[in-house]
Amino acid sequence: MRAQSSAIAPSPIAVGAAGTDPGGKSFGTVQAALGVVAFSLTFPATAWGLEGFGPWSLIAVRSILAAAVAGACLLVLRVAPPERRHWLGLAVVGAGVVLGFPLLTTLALQTSTTAHAAVVVGLLPLTTALLSALRIGTRPSRTFWIAALAGAAAVIAFTVQQSGGALTSADAYLFAALLVCAAGYTEGGRLARVMPGWQVIGWALVLCLPVTVPMAAVALSYEPVQLTAHSVTGLLWVAIGSQFLGLVVWYRGMAAIGIPKASQLQLAQPLLTLVWSVLLLGEHLTVAAPLTAAAVLVCIAVTQRARG
């Protein structure tokens, strides 16, 4: 199998790049939505992982495990390395979504609840759309921007209210994570137009191995590890579910429906995260949850119908 934007035979794992998706934009929306569901479990799974791993160990090991799965796929399918002109973009993806966002949010979750950390995800769609406009030149309509801002405002208000309205020392980590992740999403969405989405994240993971392997060796020698059902399950999910499979369908979805519209589906992610937090972590929600959910769903519907 060849890796580049030249003609390739469609396969279940490769379909979705550069307009080869047989399901068109509807299937692209489904894929992006599946990515959002996978990402919504990241914070609760990280909280589980932190029960048995230190923050640096958790990030390094999750990246290595995800890279092992991605690398095996690349080897089995005999995928040739990307063209040299794509390596800088892959480095941005790796710095943003493989290292930056996981590390910064994991550090934040040491002192922050998942509800408070979800404010990052609430702002991420708008930030991604802004960076997309600057980097790729996309120009969504005014209706799109109004709905996006309204949805982001609703999510921010809800998550701040859930955390008691007080800012914590973790906010610096969270807002830094927001910026680096938006950059990684934007660059990954651009690359997914010229190569299969799974190869975008696969090569980004492999590219980070020279950083993550030494990091794991050092971190594991300093941070104690306690293997429990929660810590192992959390590690496996953030490595395989969030770091690889979730990003595969996410980048494929962005390539099919466009970065701005795909990013707006993430407006539902904080609410999903709060649901998982109740079910998995025992946190409690207020009556504001269903009202915010309804407002967010309306905003998502408007952005999906708005023409850029």
Side-chain angles (χ1 to χ4, degrees), residues 32-51 55 58-59 62 97 100-128 151-165 167-168 170-171 173-178 180-182 184-185 230 233-243 245-247 249-250 253 262-297 299-300:
L34 288 175
V36 170
V37 173
F39 300 153
S40 71
L41 281 160
T42 300
F43 285 172
T46 299
W48 274 9
L50 287 172
E51 294 180 13
L58 181 62
I59 293 307
R62 71 179 271 185
V97 303
F101 186 79
L103 176 60
L104 291 166
T105 53
T106 298
L107 292 173
L109 285 171
Q110 290 187 290
T111 57
S112 173
T113 65
T114 56
H116 185 77
V119 70
V120 169
V121 185
L123 290 172
L124 188 55
L126 181 58
T127 307
T128 303
V155 171
I156 292 171
F158 178 68
T159 52
V160 170
Q161 186 273 335
Q162 286 290 294
S163 64
L167 298 179
T168 70
D171 287 328
Y173 290 132
L174 295 174
F175 286 109
L178 167 70
V180 298
C181 189
Y185 279 176
H230 274 187
T233 300
L235 170 63
L236 291 177
W237 179 260
V238 294
I240 309 302
S242 300
Q243 192 88 74
L245 296 178
L247 285 169
V249 293
W250 175 243
S263 69
Q264 298 315 301
L265 292 174
Q266 279 197 309
L267 287 169
Q269 185 174 323
L271 303 179
L272 289 174
T273 297
L274 291 171
V275 171
W276 297 126
S277 298
V278 170
L279 297 177
L280 301 176
L281 304 178
E283 296 184 4
H284 299 283
L285 300 181
T286 67
V287 294
L291 297 178
T292 307
V296 168
L297 289 176
C299 292
I300 291 175

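Note that the numbering runs from 1 along the sequence shown for the chain. Just so it is clear, the structure is predicted and the values come from calculations on it, not from any experiment. The figures that follow rest on heavy atoms only: side chains count, while hydrogens, waters and symmetry mates do not.
When all heavy atoms of Phe158 and Thr292 are compared, the closest pair comes out as CD1-OG1, 3.3 Å. Gly100 and Val180 get closest at one heavy-atom pair: C-CG2, 3.9 Å. Looking at every heavy atom in both residues, Gly246 comes nearest to Ala38 through CA-CB, 3.8 Å. A pairwise comparison of heavy atoms in Thr105 and Ala177 identifies CG2-CB, 3.8 Å as the closest pair. Scanning all heavy atoms of the two residues, the minimum distance from Thr273 to Pro44 falls at CG2-CD, 4.0 Å. Pairing each heavy atom of Gln243 with each of Val97, the nearest pair is NE2-O, 3.0 Å.
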Pair Thr46-Trp237, side-chain contact (heavy atoms from CB on, under 4.5 Å): steps then yes or no: CA-CA 9 Å; Thr46 299; Trp237 179 260; over 6 Å; no

Step-by-step side-chain contact (heavy atoms from CB on, under 4.5 Å) determination, Phe175 to Leu178: CA-CA 5 Å; Phe175 286 109; Leu178 167 70; 4.2 Å; yes

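Partners of Leu272 under the side-chain contact (heavy atoms from CB on, under 4.5 Å) rule, at least two apart in sequence or in another chain, are Val36, Val37, Ser40, Trp276. The side-chain contact (heavy atoms from CB on, under 4.5 Å) check on Tyr173 picks up Leu104, Leu107, Ala108, with sequence neighbours excluded.
Put simply, the side chain of Trp48 does not reach to within 4.5 Å of the side chain of Leu235, judged on heavy atoms. At least one side-chain heavy atom of Leu280 sits less than 4.5 Å from a side-chain heavy atom of Leu41. For the pair Leu274 and Pro270, the minimum side-chain heavy-atom distance is 4.5 Å or more. Side-chain atoms of Pro102 and Val238, non-hydrogen and from C-beta on, never get closer than 4.5 Å to each other.
Rounding to the nearest 0.5 Å gives a distance of 5.5 Å between OG1 of Thr106 and CG of Leu58. Rounding to the nearest 0.5 Å gives a distance of 12.0 Å between CG of Leu236 and CZ of Arg62. Note: Trp250 CH2 to Leu245 CG = 16.0 Å, rounded to the nearest 0.5 Å.
Note on ring orientation: taking the six-membered ring where Trp is involved, the planes of Phe43 and Phe101 are parallel (angle under 30°, cut-offs 30° and 60°).
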